[in-house]
> 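This structure is in structure tokens; I'll ask about it shortly.
A note on names: the letters A, B, ... follow the listed sequences, proteins ahead of strands, and every chain is numbered from 1.
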Number of protein chains: 2
Amino acid sequence: MKHIAESTVRRLSLYLRILEEFEAQAHQTISSGELAAHGGTTSAQVRKDLSFFGSFGKRGLGYSVTALAARLREILGLNRQWRVIILGAGKIGAALARYEGFRNRGFTVVGVYDADPARTGRALDNLIVRDQKELEADVAKLGPEIALIAVPAEAAQPLVDRVVKAGVRAILNFAPAPVHVPRHVVHRSVDMALELEILSYALVSRR
Amino acid sequence: MKHIAESTVRRLSLYLRILEEFEAQAHQTISSGELAAHGGTTSAQVRKDLSFFGSFGKRGLGYSVTALAARLREILGLNRQWRVIILGAGKIGAALARYEGFRNRGFTVVGVYDADPARTGRALDNLIVRDQKELEADVAKLGPEIALIAVPAEAAQPLVDRVVKAGVRAILNFAPAPVHVPRHVVHRSVDMALELEILSYALVSRR
DNA sequence: AAGTGTGAATGCGTTCACAGCA
DNA sequence: TGCTGTGAACGCATTCACACTT
């Protein structure tokens, strides 16, 4: 498969959300223009994004809402369940463990880990925080595909190395530090302080 | 001032973090190559990024760690305090309110708000969750520059409209919905479910 | 008439390559 | 000699424009 830009994949996710809203309202079809208006882009961009994967629309009419949504779920790999573990049960880790926004899009949290005995044993909804010592054994048993890293910056890289060695193939890093992974592993970082700094720059650079 | 790409600003923030590590280790100078190695980019990229704002280096030697750090803080607007309010005291909002990663980079949370009476009055460290009704009066009094939106998707846009009308000039949106703001307001979105979906795509598209 | 699909043109960030200084 | 600063070349995502389909 041809390489697809990350910005394109990001928009595809967004289109899917919009389609799901339209589905809920029992709309039959949607045009690239409507999709663009809701997604904050242009109709040409929408059509180009979709064209990488085939032609799903009817000229003069638009796209079938349910058919396009199904196709996008398939493209994005959302027509299956993904097992997720969370490393770090501090403020961020605990909030992520209980966030419904994951569950209902096919991401199931199957384990939460912390190294601090003060935190292990604590219940987060239906999950019990487990000792980080159990990590390797649990990964072997549960086979999670994705790990969320929610530990302090200096603890992130060693932990990433551990989960990668244990067999996890995707990392979503919330620690404010760049992490490095082998080529067969995919990873992304969400850095909240950095986002605020970008806003800060935007505020001071405007004049 | 010439327009600077977001990707550049993002890297500048990253360079600043690296410089602060070097500062802590009492390094005097740093080269574009070292900065690049730590930041996961190239030396040419580092020099180009910095060149938009002037020439700070010494040929043959590199950059003064403290001087460059100070200059970056100034460029990014981090040589001052920013006042932040958080809208929504659910799982994510509460975690953000207590996140130290903001405080020690000049972002002070001056208020947390929720519409649910079950949550108002609750203490989050040294902050008390206040009723959303107080929002306009508080913004007028405290003058926060930045608002974090941590409410359900459908509540995000109306709330954004309210804080913008009240005078907030920057929005960081954590709700999984695109928000629209007038041109004089800056905004960014952090969408955690979307990040997972991008990882999902990366996992299924690899082969 | 309305809206898709797509090659071509454009714009923009990244990389290259080297002149210029310390 | 070592490393910066920067115009030029490059590559890639976005936008344009229009032929094509229902």
> Can you list, in residue-number order, the parts of residues 3-35 of chain B that come under 4.0 Å of DNA chain D, counting heavy atoms only?
B:Ser31, B:Ser32
> Walk along nucleotides 15-22 of chain D from 5' to 3' and tag each nucleotide B, S or - by protein heavy-atom contact under 4.0 Å, base first, then sugar-phosphate.
BBB-BBBB
> Quick check on D:dG2: is either OP1 or OP2 less than 4.0 Å from any side-chain nitrogen or oxygen of B:Tyr63?
no
> Please determine whether a side-chain nitrogen of the Lys or Arg among A:Asp191 and B:Arg17 lies less than 4.0 Å from a carboxylate oxygen of the Asp or Glu.
yes
> What is the separation between atom CG on A:Asp49 and atom P on D:dT14, rounded to the nearest whole Å?
7 Å
> Can you check whether B:Gly77's main-chain N or O pairs, donor with acceptor, with A:Ser200's side chain at less than 3.5 Å?
yes
> Does any non-hydrogen side-chain atom of A:Leu50 lie less than 4.5 Å from one of A:Tyr63?
yes
> Quick one: does B:Leu72's side chain get under 4.5 Å of B:Phe56's, heavy atoms only?
no
> What integer distance in Å separates A:Phe56:CZ from C:dT6:P?
11 Å
> Is the closest basic N to carboxylate O distance between B:Arg103 and B:Glu100 below 4.0 Å?
no
> Does the distance from a Lys or Arg side-chain N to an Asp or Glu carboxylate O, for A:Arg73 and A:Glu20, drop under 4.0 Å?
yes
> May I have the distance from A:Leu50 (atom CG) to C:dG5 (atom P), rounded to whole angstrom?
8 Å
> Would A:Glu145 and B:Arg206 pass as an ion pair if we require N to O under 4.0 Å?
no
> A:Val110 and A:Leu142: which non-hydrogen atoms are nearest, and at how many Å?
O-CD1, 3.7 Å
